[in-house]
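Atoms within each ligand, like the ligands themselves, are counted from 1 in listed order.
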Amino acid sequence: MRILVTGSNGLLGRAVSRLLSTSGHNVVPLLRQGRPGGRGLRWDPDRGQIESTQLHNFDAVIHLAGENIAGRWSEEKKRRIRDSRVKATRTLCQALARRPTPPRVLVAASGVNYYGDRGEELLTEDSPPGEGFLPEVCVQWEAATQPAVEAGIRVVNLRFGMVLSTEGGALPKMLRPFRFGLGGPFGSGRQFMSWITLDDAVSIIRFAVEDEALQGPVNAVSPNPVPNREFARTLGAVLHRPALLPFPGFAARAVLGEMAEELLLSSIRAAPRRLEDAGYEFKWPDLRNALEAVLTREENV
Ligand SMILES: NC(=O)c1ccc[n+]([C@@H]2O[C@H](COP(=O)([O-])OP(=O)(O)OC[C@H]3O[C@@H](n4cnc5c(N)ncnc54)[C@H](OP(=O)(O)O)[C@@H]3O)[C@@H](O)[C@H]2O)c1
């Protein structure tokens, strides 16, 4: 297959491009204008510009681009988080819809942050969105794929949980205090964390490209979300370090502001209902095995 990938320099983009290229697919990156990134097609998502004629003859598109959400959220950072997802997705989907022969499938990233802070409620793809900045962004981000849906493209919106990898994302930042024996739960530690290994995340992207029955929102999370304190305990055990020092919620809010509230202290207990119904088999369903694999072995993606 000829597959277009946006966000190909990111954590998921690098891994999925590697996996698909080694499986014999022709992977073409769609890179941002003016940014380094080697060979590939170019677009300018900030300006909403894309040359739609260069998008001919693709069988599938994997859309992962978006401003990284880590860091303190100023108004400008929030604008970039929103626009790099909502505006950029609309630009891409409108261009794909204009093609005389559009791709058969678009696999587009979203996040379980769609659900917001929901305590112990088990969240499936049918659960309504939550409240807050990230839920609003996710709703608009998924809605921005509508031009592709209307053009008859099969669209899968993958709502990723926290992707576990030593190559990027949240885990490397969490590892530092744990390695010094200073790790522990965030806030009360009761908030649920929905997680997925990088290995499963990229297998799920490939599964979504290939499974012709899959469409719409799909939770890309392991079947075993855990409370944050259990995550901390398990990470400590795998690293053979204590994990007893809690990081108080008020301190997280003081240092990281709104981002701490929505990313670290929100409780999201998402279930991969659609993936399980579709027969996807998780390689790493259990947190302890997953962390051991991620931290002690070479990731095989
Ligand atoms: N990793 C996770 O835990 C996680 C969890 C939930 C959802 N997601 C979502 O999944 C997608 C991929 O995640 P990731 O971890 O691979 O992200 P990442 O490592 O931050 O990479 C995202 C890619 O997006 C592009 N990008 C960055 N800033 C941009 C901007 N202002 N405008 C347009 N494009 C921009 C860059 O690609 P180029 O330089 O190649 O253009 C970058 O490599 C993201 O949309 C993310 O929100 C990730």
Check: Lys283/Thr197 side-chain N/O donor and acceptor closer than 3.5 Å | no
Can we say Asp126 and Arg274 salt-bridge, meaning some charged N sits less than 4.0 Å from an Asp/Glu carboxylate O?
-> yes
Closest protein heavy atom (residue, atom, distance) for atom 37 (O) of ligand 1 | Gly7 CA, 3.3 Å
Show which atoms of ligand 1 fall inside a sub-4.0 Å distance from at least one heavy-atom site of Met162.
-> 3 (O)
Side chain or backbone of Trp195 under 4.0 Å from ligand 1, or both, or neither, by non-hydrogen atoms?
-> neither
Just let me know how Ser110 lines up against ligand 1, side chain, backbone, both or neither, with a heavy-atom cut-off below 4.0 Å.
-> backbone
Taking N or O atoms only and a 3.5 Å limit, does Asn68 qualify as a polar contact for ligand 1?
-> yes
Does a salt bridge link Lys77 with Glu67, judged by any charged N lying under 4.0 Å from a carboxylate O?
-> yes
Counting heavy atoms not belonging to Glu131, are there more than 12 under 6.0 Å from its CD?
-> no
Among Leu11, Leu158, Asp83, Leu64, which residue places a heavy atom closest to atom 45 (O) of ligand 1?
-> Leu64
Backbone or side chain, does any N or O of Gly169 fall under 3.5 Å from an N or O of ligand 1?
-> no
NZ/NE/NH1/NH2 to OD/OE distance under 4.0 Å, Arg288 and Glu292 | yes
Examine Arg80 against ligand 1 and note whether any of their N/O atoms are separated by less than 3.5 Å.
-> no
Quick one: does Arg35 get a heavy atom under 4.0 Å from ligand 1?
-> no
Which atoms of ligand 1 sit under 4.0 Å from any heavy atom of Gly161?
-> 3 (O), 5 (C), 6 (C)
What residue and heavy atom of the protein are closest to atom 32 (N) of ligand 1, and at what distance?
-> Ser84 CB, 3.3 Å
Mind checking whether Gly111 has an N or O less than 3.5 Å away from an N or O of ligand 1?
-> no
Hey, does Gly10 come in under 3.5 Å of ligand 1, counting only N/O atoms on both sides?
-> yes
Considering distance alone, does some N or O of Gly66 sit under 3.5 Å from an N or O of ligand 1?
-> yes
Ion pair check, Glu262 and Lys78, cut-off under 4.0 Å = no
Honestly, for Ala65 the part within reach of ligand 1 (heavy atoms, under 4.0 Å) is both
Indicate yes or no: does an N/O atom of Glu67 lie under 3.5 Å from an N/O atom of ligand 1?
-> yes
Show your working on side chain to side chain contact (heavy atoms under 4.5 Å, CB included) between Asn228 and Phe247 and close with a plain yes or no.
-> CA-CA 11 Å; Asn228 174 272; Phe247 194 81; over 6 Å; no
Identify which one of Val112, Val221, Leu287 satisfies the side-chain contact (heavy atoms from CB on, under 4.5 Å) criterion when paired with Trp195.
-> Leu287
Do Glu136 and Arg82 sit within salt-bridge range, that is, some charged N less than 4.0 Å from a carboxylate O?
-> no
Checking side-chain contact (heavy atoms from CB on, under 4.5 Å) against Asn157, which of Thr145, Val107, Thr89 comes through?
-> Thr145
When you measure from atom 14 (P) of ligand 1 to each heavy atom in Val137, Leu12, Leu198, which option holds the nearest one?
-> Leu12
Would a 4.5 Å heavy-atom cut-off, applied to side chains only, mark Tyr280 and Ser203 as touching?
-> yes
At what distance is the nearest protein heavy atom to atom 2 (C) of ligand 1, and which residue and atom is it?
-> Val163 CG2, 3.5 Å
Report the nearest protein non-hydrogen atom to atom 29 (C) of ligand 1: residue, atom name, distance rounded to 0.1 Å.
-> Arg32 NH1, 3.1 Å
Any nitrogen or oxygen of Asn9, main chain or side chain, under 3.5 Å from a nitrogen or oxygen of ligand 1?
-> yes
Does Ile268 offer a backbone N or O that forms a donor-acceptor pair with the side chain of Ser194 under 3.5 Å?
-> yes
Atoms of ligand 1 less than 4.0 Å from Ala109 heavy atoms?
-> 10 (O), 11 (C)
Taking Asp59 for the side chain and Arg2 for the main chain, is one N or O donor matched with an acceptor at less than 3.5 Å?
-> yes
Quick one: which ligand 1 atoms are inside 4.0 Å of a heavy atom on Ser8?
-> 40 (O)
Any atoms of ligand 1 less than 4.0 Å from a non-hydrogen atom of Trp141? List them with their elements.
-> 45 (O), 47 (O)
Find all atoms of ligand 1 within a distance of less than 4.0 Å from any non-hydrogen atom belonging to Arg85, and give their numbers and elements.
-> 44 (C), 45 (O), 46 (C), 47 (O)
Scan side-chain atoms only and decide if Arg206 and Ser23 contain a donor-acceptor pair under the 3.5 Å cut-off.
-> yes
